[in-house]
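Notes to accompany the following structure.
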Amino acid sequence: MTVAAAELLDYDEVIARYEPVMGMEVHVELSTATKMFCGCTNEFGGEPNTQVCPVCLGLPGSLPVLNQSAVESAIRIGLALNCDIAPWGRFARKNYFYPDQPKNYQISQYDEPIAVDGYLDVPLEDGTTWRVEIERAHMEEDTGKLTHLGSDTGRIEGATTSLLDYNRAGVPLIEIVTRPIEGTGDRAPEIARAYVTALRDLLRALGVSDVRMDQGSMRCDSNLSLKLKGATEFGTRTETKNVNSLKSVEVAVRYEMRRQAAILDAGGSITQETRHFHEDGHTTAGRSKETAQDYRYFPEPDLEPVAPSAELVERLRGTIPELPWLTRNRIQQDWGISDEVMRDLVNNGAIDLVAATVEHGASSEAARAWWGNFLVQKANESGTELGTLPITPAQVAAVVKLVDEGKLSNKLARQVIEGVLAGEGEPEQVMTDRGLAVVRDDSLIQAAVDEALAANPDVAEKIRGGKVQAAGAIVGAVMKATKGQADAARVRELVLAACSLTS
């Protein structure tokens, strides 16, 4: 049964009659140097089908070898999610035919995942937390990527050609599965988004993934069902696949609640299926949802069991950082900034960069100004993430120091940072090579002042007549003549002195 947008049930009516039950399955690509079971480079953006080998292409006779770094990342994720780490487990073959999986099976963990029975206390915007219970986190390999051509939506429906890129096939993947999330009421969409946001922040803090949802290194499958108020039995669920932004997670949950409620109110039944999320805010049917039996799981015969020692687990436990939202709360108090400023820093991915710049000696105010304004602008201009700009917190701190020492003005400092971004060297070297240091020689500045006054006799006369504000025109002329390298405050002092005035 389909529902038109105009027939969606009003959200308040949904909440009045039904209780949502959610489940989140989040897939995270790990930032290891190589793939899960072979030595191919694990790097986003390579030319199609250039980062492949017989193993990840599933060629006959090739054998997988487990990536130890990926196992350690999986254990760290499990520990950060308060999970129990399994002392022994096997990989399995998940059998299905699909063109993006060259072996016709996916090496995954089925009944013996690496991490089980955890939880994440998710911070909400009102300052409260919501505990989301984690059922499991398991290791597997990613599939290749299909690109469909000829359709309006970019999906296979209506496409005339499909292209396959196997660079992503075999990339290490962790799937994090929650237990049913109940009792959320009208806050279900908000809590769904908050959970994925918190998980993204945690994984970024662990350094195990770049969690770029726009590039697919973090993808969310959102499961949702409705049950009548007071009922104990869950309704039939749908799974909205590969939702690729935080906002879309919230929108997808809200839409499915309204769609399913409209069907149930009309006497229909929900089909257990996967659904596609469209960026205009609606979902459409995909395929009927398979069960575990449909995949014919059986143990992977070519890989030894995973058996992390207790010593390894405890060593990795010592690498788990402070929860990022607790770090932010502490930093916000230390810096004395508003919720709005902190939210902007977090949304821009600047908070860790600012903190690192402060650790290198810059003031928090200066560090926030550079990362939160000028460098965000540069990142937007280049279409990259702030953290991928070719400049380090230590280099930004060095620029701040040059400004504090009076060797650079803020305007000249921007040129120095542009030079660093262009690969011209360290800040002081860029300043020297470009000849950007602030002019401190009073004789040179005085000459420029005298020249500007002589060229603007009417302005000079106004200044001598007591109109001190007119000095701004002369200061501007001097700054232009010195290419912005003179100290504007010192220029003003010399202009007023030349006109027999003081400031």
Side-chain angles (χ1 to χ4, degrees), residues 24-59 62-74 76-78 91-110 113-115 136-148 156 162-177 196 199-200 203-204 206 208-221 239 241-244 274 276 286 290 295 297 300 302-303 306:
M24 296 291 165
E25 301 173 18
V26 176
H27 298 77
V28 182
E29 290 183 350
L30 300 178
S31 299
T32 52
T34 57
K35 292 185 180 181
M36 191 67 172
F37 302 115
C38 67
C40 288
T41 298
N42 175 19
E43 186 175 291
F44 179 83
E47 288 295 315
N49 298 307
T50 58
Q51 296 163 194
V52 293
C53 73
V55 173
C56 55
L57 288 177
L59 299 184
S62 61
L63 294 174
V65 177
L66 182 58
N67 185 328
Q68 179 64 25
S69 178
V71 174
E72 293 187 1
S73 291
R76 294 180 70 231
I77 291 171
F91 280 97
R93 290 186 178 183
K94 179 181 180 181
N95 293 272
Y96 65 94
F97 175 76
Y98 206 62
D100 64 359
Q101 185 51 269
K103 296 190 292 288
N104 289 338
Y105 62 84
Q106 179 187 33
I107 301 178
S108 180
Q109 290 185 306
Y110 172 43
I114 188 72
R136 59 189 281 154
H138 64 262
M139 298 180 286
E140 58 188 21
E141 59 180 336
D142 210 345
T143 61
K145 182 179 180 181
L146 278 163
T147 301
H148 304 295
I156 193 169
S162 294
L163 304 179
L164 275 164
D165 178 8
Y166 285 126
N167 282 351
R168 198 176 68 182
V171 165
L173 199 66
I174 303 298
E175 182 175 354
I176 302 166
V177 182
V196 179
L199 189 58
R200 181 198 63 174
L203 296 168
R204 181 184 287 141
L206 288 169
V208 295
S209 173
D210 64 10
V211 287
R212 290 282 300 271
M213 297 187 78
D214 59 315
Q215 293 181 356
S217 57
M218 180 173 176
R219 310 189 290 274
C220 177
D221 297 343
E239 180 181 7
K241 300 286 288 185
N242 294 330
V243 185
N244 62 1
T274 64
H276 299 301
E290 297 94 340
Y295 289 118
Y297 284 96
E300 167 56 66
D302 294 329
L303 287 169
V306 179

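No experiment lies behind these values; they were computed from the predicted model shown.
With rounding to the nearest 0.5 Å, the separation of OG in S209 from CD1 in I77 is 7.5 Å. Atom CG of L146 and atom CG of D100 lie 5.0 Å apart (nearest 0.5 Å). I174 CD1 to R76 CZ: the interatomic distance, rounded to the nearest 0.5 Å, is 12.0 Å. Remark: R136 CZ to E25 CD distance equals 10.0 Å, nearest 0.5 Å. Rounding to the nearest 0.5 Å gives a distance of 13.0 Å between CE of M24 and CD1 of I176.
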Let's go through R200 and M218 carefully: what are the C-alpha distance in whole Å and the side-chain angles of both, what is the deciding distance for side chain to side chain contact (heavy atoms under 4.5 Å, CB included) to 0.1 Å, and is it a yes or a no? CA-CA 8 Å; R200 181 198 63 174; M218 180 173 176; 3.7 Å; yes
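Checked against the 6.0 Å centroid threshold, Y105 and F97 do not count as a close aromatic pair.
Two residues are said to be in side-chain contact when any heavy atoms from C-beta on lie closer than 4.5 Å; N95 and N104 fail this criterion. Side-chain contact check for F91 versus D302: every heavy-atom pair is 4.5 Å or farther apart. Counting heavy atoms from C-beta on, the side chains of Q109 and I114 come closer than 4.5 Å. Side-chain contact check for V55 versus L63: every heavy-atom pair is 4.5 Å or farther apart. Using a 4.5 Å heavy-atom threshold, the side chains of F37 and I107 count as touching. Q106 places none of its side-chain heavy atoms less than 4.5 Å from the side chain of R93. Residues D214 and N244 form no side-chain contact, since every pair of their non-hydrogen atoms from C-beta on lies 4.5 Å or further apart. Residues V171 and M36 are not in side-chain contact: their nearest non-hydrogen atoms beyond the backbone lie 4.5 Å or more apart.
With hydrogens and angles disregarded, a donor-acceptor distance shorter than 3.5 Å links the side chain of N49 to the backbone of L164. With hydrogens and angles ignored, the 3.5 Å screen pairs a side-chain donor or acceptor of S73 with a backbone N or O of S69. In this structure, Q51 contributes its side chain and E43 its backbone to a donor-acceptor pair below 3.5 Å. Put simply, the side chain of T274 never gets that close to the backbone of E239: no donor and acceptor are under 3.5 Å apart.
Closest approach of A169 to C56, counting heavy atoms only: O-CB, 3.5 Å. Scanning all heavy atoms of the two residues, the minimum distance from N167 to T50 falls at OD1-N, 3.0 Å. Closest approach of R168 and G144 over heavy atoms only: NH2-O, 3.0 Å.
Few gaps surround CD on Q68; more than 12 heavy atoms of other groups in view lie less than 6.0 Å from it. In this structure, K145 places its NZ atom where only 12 or fewer heavy-atom neighbours from other residues, nucleotides or ligands lie under 6.0 Å away.
Checked options C40, C53, P64; the residue passing with K35 is C40 (criterion: side-chain contact (heavy atoms from CB on, under 4.5 Å)). The side-chain contact (heavy atoms from CB on, under 4.5 Å) with L173 is formed by just one residue from the set D142, L30, V28, T143; it is D142.
Here R212 does not pair with E29 in a salt bridge; the nearest charged N to carboxylate O distance is not below 4.0 Å. Electrostatic pairing of K103 and E141 counts as a salt bridge here, judged by a charged N lying under 4.0 Å from a carboxylate O.
E140 and H138 share a donor-acceptor pair across their side chains, judged by distance under 3.5 Å alone. For the residue pair N42 / T34, no side-chain donor-acceptor distance below 3.5 Å is found, with atom types taken as modelled. In this structure, a donor-acceptor pair under 3.5 Å is present between the side chains of D210 and S217.
Between Y110 and Y297, the angle of the ring planes stays under 30°, which puts this pair in the parallel group of the 30/60° scheme.
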